[in-house]
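Read the structure below first, then the notes.
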Number of protein chains: 2
Amino acid sequence: MTVLLKNPKGKVTVKMRAGTAEQGSGDGEKRGRKASKETRRQQLIEATIDSLAKRGYSDTTLADVADGAGLSRGIVNFHFESKENLLIATLQFMAEEYADHWNAALEKAGPEAAGRLWALVHADFDRKICTKRKLAAWCAFWGEAKSRPTYQALCGARDVKYQETVISLCAALKAEGGYAFEPEPTALSLCAMLEGLWLRLMMGDGTTREKALEAAIAHVATVFPKHLTLQGPRSQ
Amino acid sequence: MTVLLKNPKGKVTVKMRAGTAEQGSGDGEKRGRKASKETRRQQLIEATIDSLAKRGYSDTTLADVADGAGLSRGIVNFHFESKENLLIATLQFMAEEYADHWNAALEKAGPEAAGRLWALVHADFDRKICTKRKLAAWCAFWGEAKSRPTYQALCGARDVKYQETVISLCAALKAEGGYAFEPEPTALSLCAMLEGLWLRLMMGDGTTREKALEAAIAHVATVFPKHLTLQGPRSQ
DNA sequence: AGATACTTGCTGAATGATCATTCAGAATAT
DNA sequence: ATATTCTGAATGATCATTCAGCAAGTATCT
């Protein structure tokens with residue numbers, strides 16, 4: 001919804017921008033000019049993800065982000081000081097959202113290692129996390145991470161915790177099931193596969209979210225046959 | 001080796017640039033000013049890979065490429081018409097080199113499916129292909145591929161052939177060994193894992209080429225226990 | 001052999017386009 | 001009245017592209 005108003009000097013200003021839907025009328029958030037600093041920052045971060053997905057890292061401009069948010073050209077420097085800061089904040093947001101998501105999935109999964117691994121794999125392909133635009137944004141950052149220590153640190157922090165969790169799950173399953181593998185290479189190959197599937201999804205060859213999830217499940221069912229099947233974790 | 005000469009007007013020109021070593025004195029290639037068009041193009045492509053690896057896609061400038069090749073600022077537009085063309089030629093070169101490499105590995109491997117899969121996995125982590133600078137360049141292109149159909153096509157072409165090969169190897173091994181898996185998801189997860197390991201190598205967390213290869217081998221040994229061990233393919 | 005014209009590869013300063021950043025001041029809220 | 005949020009034109013930096021001209025090589029003529 002967009003409303004155009006003319007002010008006394010005949011200039012056209014836009015109130016109630018066609019932004020994201022986070023400003024419901026029921027919550028405590030104010031709208032339009034009164035939006036809080038945090039709301040604006042989040043709105044700009046969402047517009048940045050859109051732009052990264054649509055135009056790629058190297059063609060993402062502040063003008064495009066501002067247009068996407070329905071705000072003026074100077075807005076990013078007002079709220080983030082610099083383009084660099086905006087991009088870092090965007091990556092930080094995505095990394096936190098990702099970590100929160102799989103941590104929540106783990107918590108819901110209960111104490112059994114098999115169910116926890118099952119939940120972890122599914123979390124990666126959940127509709128909330130695994131959307132075209134977010135995958136594309138992740139990949140844009142990966143492409144730049146090599147030459148930007150800040151991005152590398154943020155992407156790396158994402159992985160380290162995750163991989164440690166997978167390693168300990170592999171170790172627990174090995175102890176329970178008497179498998180022959182070493183936990184660390186097994187966990188590494190599993191994590192790498194999940195990331196590789198994301199890359200495939202992003203690249204838009206035939207791979208769909210369903211096929212990717214199927215392949216991931218087939219993988220873990222093969223590696224942990226005593227604990228996981230294509231249909232779900234076996235009850236121990 | 002760099003030799004500086006002063007011409008009659010006092011200007012300094014550079015002969016025998018510190019370029020790549022492709023101009024041995026024995027082959028048919030001329031050097032310096034007389035380098036053939038193909039030689040120059042290859043020299044600029046190598047400099048482009050260097051720049052992508054060192055500065056990332058978005059910070060790679062034609063000035064940097066020209067400096068890296070020890071040539072003047074206008075050189076890229078002289079040989080490639082545009083920056084876009086240079087980048088496409090670079091990606092094309094890497095894609096061809098990659099395909100040639102694993103095809104050659106397959107040919108050397110002989111007719112048995114187990115040995116061919118073993119060779120394919122090893123080819124991915126061979127020193128010729130799997131260098132920091134080339135991984136970084138691949139990743140730079142992946143990051144831009146989403147929003148650039150040309151890159152997407154070139155990266156995709158790389159994968160399709162490869163994945164078809166892996167699918168047929170999985171199918172052959174299944175027929176031989178009576179495994180339960182479906183060839184396609186299994187091949188997809190295997191290919192995704194190999195790409196994911198490349199991503200890890202590029203990101204420069206603790207993962208080394210040796211660890212990556214170990215994880216990949218451990219995985220295929222788990223999936224095809226009747227055909228592959230950590231030490232190599234079983235003789236059938 | 002030397003002189004001459006012609007071709008090809010290359011240079012680097014000039015050009016113009018794009019874009020991040022700045023900031024004076026407008027609009028809005030308190 | 002004062003503070004806060006926001007605007008958008010102006011600024012300057014960066015960079016791809018152009019192109020006139022130089023230099024090296026080659027062919028033709030004397």
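Labels below follow one simple rule: chain letters A, B, ... track the order of the sequence lines, proteins then strands, and each chain is numbered from 1.
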* To do: Select one nucleotide: of C:dG9, D:dT7, C:dC10, the one nearest the side-chain heavy atoms of B:Lys37.
  =>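 Of the options given, the side chain of B:Lys37 lies nearest C:dG9.
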
Which atom pairs, one a donor and one an acceptor, fall under 3.5 Å between side chains of residues 79-86 of chain B and the rest of the protein, sequence neighbours left out?
residue : atom : partner : partner atom : Å
B:Ser82 : OG   : B:Asn85 : N            : 3.1
B:Lys83 : NZ   : B:Thr60 : O            : 2.9
B:Asn85 : ND2  : B:Phe80 : O            : 3.0

Centroid separation A:Phe125 to A:Trp118 less than 6.0 Å
no

Check: B:Trp198 ring centre within less than 6.0 Å of B:Tyr98 ring centre | yes

Protein-nucleotide distance ([X], atom [atom1]; [N], atom [atom2]), rounded to Å:
{"X": "B:Ile75", "N": "D:dC19", "atom1": "CD1", "atom2": "P", "value": "17 Å"}
{"X": "B:Arg40", "N": "C:dT8", "atom1": "CZ", "atom2": "P", "value": "17 Å"}
{"X": "A:Leu71", "N": "D:dT4", "atom1": "CG", "atom2": "P", "value": "20 Å"}
{"X": "B:His79", "N": "C:dT8", "atom1": "NE2", "atom2": "C1'", "value": "10 Å"}

With B for base contact, S for sugar-phosphate-only contact and - for none (protein heavy atoms under 4.0 Å), nucleotides 15-24 of chain C reads ----SSBB--

Are the side chain of A:Glu184 and the backbone of A:Ile167 linked by a donor-acceptor contact shorter than 3.5 Å?
no

Does any part of the side chain of B:His101, heavy atoms only, come nearer than 4.5 Å to the side chain of B:Asp124, both counted from C-beta?
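Side-chain contact under 4.5 Å: no.
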
Is any side-chain heavy atom of A:Gln92 closer than 4.5 Å to one of A:Glu97?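 Not touching, per the 4.5 Å side-chain cut-off.
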
